[in-house]
J.: 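Quick one: this structure, given as structure tokens, is what I'll be asking you about.
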Amino acid sequence: LGYSIYDESKPKANQVKHSELTPSGNKKKNLVILGSGWGSISLLKNLDTTLYNVTIISPRNYFLFTPLLPSVPTGTVDLKSIVEPVRTITRRSNGEVIYIEAEATSIDPATKTITYKHTKDHEGNPVDSRFETSISYDYLVVGVGAKVGTFGTPGVDKHACFLKEGYDSTKIRRKLLDCIEQANLLPEDDPERKRLLTTIVVGGGPTGVELAGELQDYVEQDLSRWVPTIAPQIKVTLLEAMPKILAMFDKTLIDYAAQILAESNIDLQTNTMVKKVDETNVYASVKQADGSSKMVTLPYGLLVWATGNATREVITDLFKKIPEQANARRGLLLDDYLKVQGSDDIYALGDCTFTKYAPTAQVAHQEGVYLAELFHNLAKVDELKFELSKSVLDTEKTNKLNRKLTRASKLEPFKYVHFGALAYIGSEKAIADLTWKDWQTFQSGGLFTYIFWKTAYVSMCLSVRNKVLVCVDWSKTAIFGRDTSN
Ligand code: FAD
Ligand code: MG
Ligand code: MG
Ligand code: MG
Ligand code: MG
């Protein structure tokens, strides 16, 4: 603390002009939001942006609707249908919002400044940054999410694809189609052919299960028509370290999902922990019934690592600057109002925090909506204090304002409402584990749930444009099938 990263000699991007005053003449506060994911965009969409000078900083200039990302590699849904440009959102805000495409590299609570620069291109490759600059804030909201965690498993970073960002889905698709075309040149009994046609998905959470289901659908519904000699040999393997997949669901649904996966020829291997990966093999330790474990070697053509969250550097760096965060590891520690413990003006939400809630879009979204409410409140309190400072001689007015201030200062702590969990498991089946107003729990699986799954996701899609695009994609897939172009 006390160490300043703010260098006066550097050019300042916050010289971009915001209107400085509120209608009553009070000075507007600078609200800086980091990230353009579920948390930050939910906040932005619900915030009255006339109350603050709002700046949003994120390296990704669009919001990504992650629940449908597993449908993108196979072309069931087009990537462009599930992204919404940040500038479309800022343009629709009632007040002016400045968007800066950059990655925050450092947060300094002592001087209340953010340093940011370009670090990656649009395919996630590192770029040599020429320009680093900073901006100061009165309030900061940190919504930078998490990065993919590989638990230090050797070779994963180098050889596996991830399923986190838009470009990941493109990479998976190209690799899958490359493997198929390469295999096509090899003789029927060549082990290399078998390897190339094996896709291994690591992680039995919703993301891994959904991707495996989508890949198997693609093989059975489309590739079987386009490459009939190869399609039957394509194998999708799903690896899970724990004894069960989809741990957040009810047991009957887990069993149902496992049964559907088995029927659809997905090779599900539980109790299997990946230890190492090289260019062509996955080395895993399989827990046996007697408690011992055995190493297995699994050749693959395409490998997707679909599990694990790790903390971003900008967050671990912040842990060191706030004494109350010294013991934080998996994310920022918050109070009941989503304020970062040990800070007066930094709030955080979503996957970059460590709370009693799971790191999901549902949680990040509700936190964003809550923070919008909280910031409306802070603005109101600020405004009333400003009015009070002007009315010191008027006792009647002062009393009235004080009463208003007491009322405005009251805000309920954040409370998460769990609406349930949904997952697509392939073969046009989905499972839903829904909680309805705390008094009824509804569980289901099957075709009805699949239709429900589709409707539920479409209604969660944030813009009308995206809703239409996703429905068009689904219809296109139903009528014409998915294509095989890379
Ligand atoms: P994110 O949405 O990840 O957003 C983080 C943002 O911060 C991004 O815009 C990123 O570019 C930006 N950023 C990163 N570093 C910096 C930096 N240094 N400075 C500034 N900005 C930065 N959840 C569900 O509830 N239901 C689902 O069905 C579901 N399916 C999923 C499927 C997939 C494939 C994945 C990957 C996730 C899924 N999730 C789902 C989880 C959900 O997406 C996350 O919990 C959610 O995105 C968390 O929101 P967030 O705002 O914290 O982070
Ligand atoms: Mg966010
Ligand atoms: Mg997102
Ligand atoms: Mg496409
Ligand atoms: Mg985290």
Side-chain angles (χ1 to χ4, degrees), residues 60 62 64-83 120-125 148 156-185 193 195-203 206-228 230-239 264-266 277 279-280 282 300-307 424-427 457 466 469-470 472-486:
R60 196 178 72 196
Y62 55 85
L64 175 66
F65 189 85
T66 49
L68 283 178
L69 191 59
S71 301
V72 176
T74 55
T76 308
V77 170
D78 199 73
L79 183 56
K80 286 287 176 196
S81 305
I82 59 164
V83 310
K120 286 189 200 96
D121 68 11
H122 292 284
E123 281 168 357
N125 307 308
V148 179
V156 174
D157 274 319
K158 187 150 180 242
H159 303 291
C161 294
F162 298 120
L163 185 57
K164 176 92 181 159
E165 295 296 340
Y167 49 75
D168 292 326
S169 59
T170 314
K171 203 168 143 189
I172 293 172
R173 178 181 183 82
R174 294 209 175 121
K175 226 162 170 177
L176 175 72
L177 295 174
D178 277 352
C179 283
I180 292 172
E181 295 304 345
Q182 277 180 48
N184 197 19
L185 303 178
R193 180 176 161 118
R195 173 183 77 77
L196 286 166
L197 294 178
T198 303
T199 291
I200 297 183
V201 177
V202 183
T207 303
V209 172
E210 285 176 357
L211 179 68
E214 288 279 355
L215 289 170
Q216 191 64 33
D217 284 356
Y218 189 43
V219 172
E220 273 159 28
Q221 297 166 7
D222 305 281
L223 295 176
S224 60
R225 282 190 285 160
W226 307 126
V227 281
I230 291 195
Q233 293 158 22
I234 299 174
K235 195 173 98 185
V236 179
T237 301
L238 181 63
L239 303 183
S264 62
N265 291 323
I266 292 171
V277 164
E279 221 176 324
T280 50
V282 166
Y300 72 85
L302 166 66
L303 174 64
V304 185
W305 185 269
T307 182
Y424 180 60
I425 53 180
S427 320
Y457 274 118
N466 289 109
L469 290 177
V470 168
V472 168
D473 288 349
W474 277 335
S475 316
K476 264 191 337 202
T477 302
I479 299 167
F480 304 110
R482 303 165 185 86
D483 81 357
T484 52
S485 64
N486 52 20

J.: Please report the closest heavy-atom contact between Ser427 and Tyr424, naming both atoms and the distance.
T.: N-OH, 3.6 Å

J.: Hey, what do you get for NZ (Lys175) to CG (Leu196), rounding to the nearest 0.5 Å?
T.: 11.0 Å

J.: Using side-chain heavy atoms (C-beta onward) and a distance below 4.5 Å, is Tyr218 in contact with Leu176?
T.: yes

J.: Where is the tightest heavy-atom contact between Leu302 and Cys179, given as atom of each residue plus distance?
T.: N-SG, 4.2 Å

J.: Hey, could you give me the CG/CG distance between Leu69 and Leu79, rounded to the nearest 0.5 Å?
T.: 7.0 Å

J.: For Thr307, is there any backbone N or O sitting under 3.5 Å from a side-chain donor or acceptor partner on Trp305?
T.: yes

J.: Apply side chain to side chain contact (heavy atoms under 4.5 Å, CB included) to the pair Thr237 and Thr198, showing each step before the final yes or no.
T.: CA-CA 7 Å; Thr237 301; Thr198 303; 4.2 Å; yes

J.: How close do Ser81 and Val470 get, counting heavy atoms only, and between which atoms?
T.: O-CG2, 3.8 Å

J.: When rounded to the nearest 0.5 angstrom, what distance separates CG in Leu185 from CZ in Arg193?
T.: 9.5 Å

J.: If you compare all heavy atoms of Val219 against all heavy atoms of Ala231, which two are closest, and at what distance to 0.1 Å?
T.: CG1-O, 3.5 Å

J.: Pick out which of Leu238, Leu163, Leu239 makes a side chain to side chain contact (heavy atoms under 4.5 Å, CB included) with Val201.
T.: Leu238

J.: Less than 4.5 Å apart, any side-chain heavy atom of Leu469 and any of Lys80?
T.: no

J.: Using the side-chain contact (heavy atoms from CB on, under 4.5 Å) criterion, which residues pair with Glu181? Sequence neighbours excluded.
T.: Asn184

J.: Is it the case that the side chain of Arg173 and the backbone of Ser485 share a donor-acceptor pair, with hydrogens and angles ignored and the cut-off at 3.5 Å?
T.: yes

J.: List the residues meeting ring-ring contact (aromatic ring centres under 6.0 Å, His included) with Tyr300, not counting sequence neighbours, and say none if there are none.
T.: none

J.: Could you state the interatomic distance from CD (Glu214) to CG (Leu68), rounded to the nearest 0.5 Å?
T.: 8.5 Å

J.: Say whether, by atom type as modelled, one donor and one acceptor occur between the side chain of Asn265 and the main chain of Lys235 under 3.5 angstrom.
T.: no

J.: Any donor and acceptor pair, going by atom type alone, linking the side chain of Gln216 with main-chain N or O of Ser264 inside 3.5 Å?
T.: yes

J.: Who are the salt bridge (Lys or Arg N to Asp or Glu O under 4.0 Å) partners of Asp222, not counting sequence neighbours?
T.: Arg225, Arg482

J.: Quick one: closest heavy-atom pair of Trp474 and Val77, and the distance?
T.: NE1-CG2, 3.6 Å

J.: How far apart are the closest heavy atoms of Pro67 and Pro70, and which atoms are they?
T.: O-CD, 3.6 Å

J.: Between OG1 of Thr477 and CG of Asp473, what distance do you get to the nearest 0.5 Å?
T.: 6.5 Å

J.: Please check if the side chain of Ser71 supplies one atom and the backbone of Thr76 the other of a donor-acceptor pair under 3.5 Å.
T.: no

J.: Counting C-beta onward and ignoring hydrogens, is there a side-chain heavy-atom pair between Val304 and Ile200 closer than 4.5 Å?
T.: no

J.: Would you say Asp217 and Thr74 make side-chain contact, with heavy atoms under 4.5 Å?
T.: no

J.: Going from NZ on Lys171 to CD on Glu165, what distance comes out if it is rounded to the nearest 0.5 angstrom?
T.: 12.5 Å

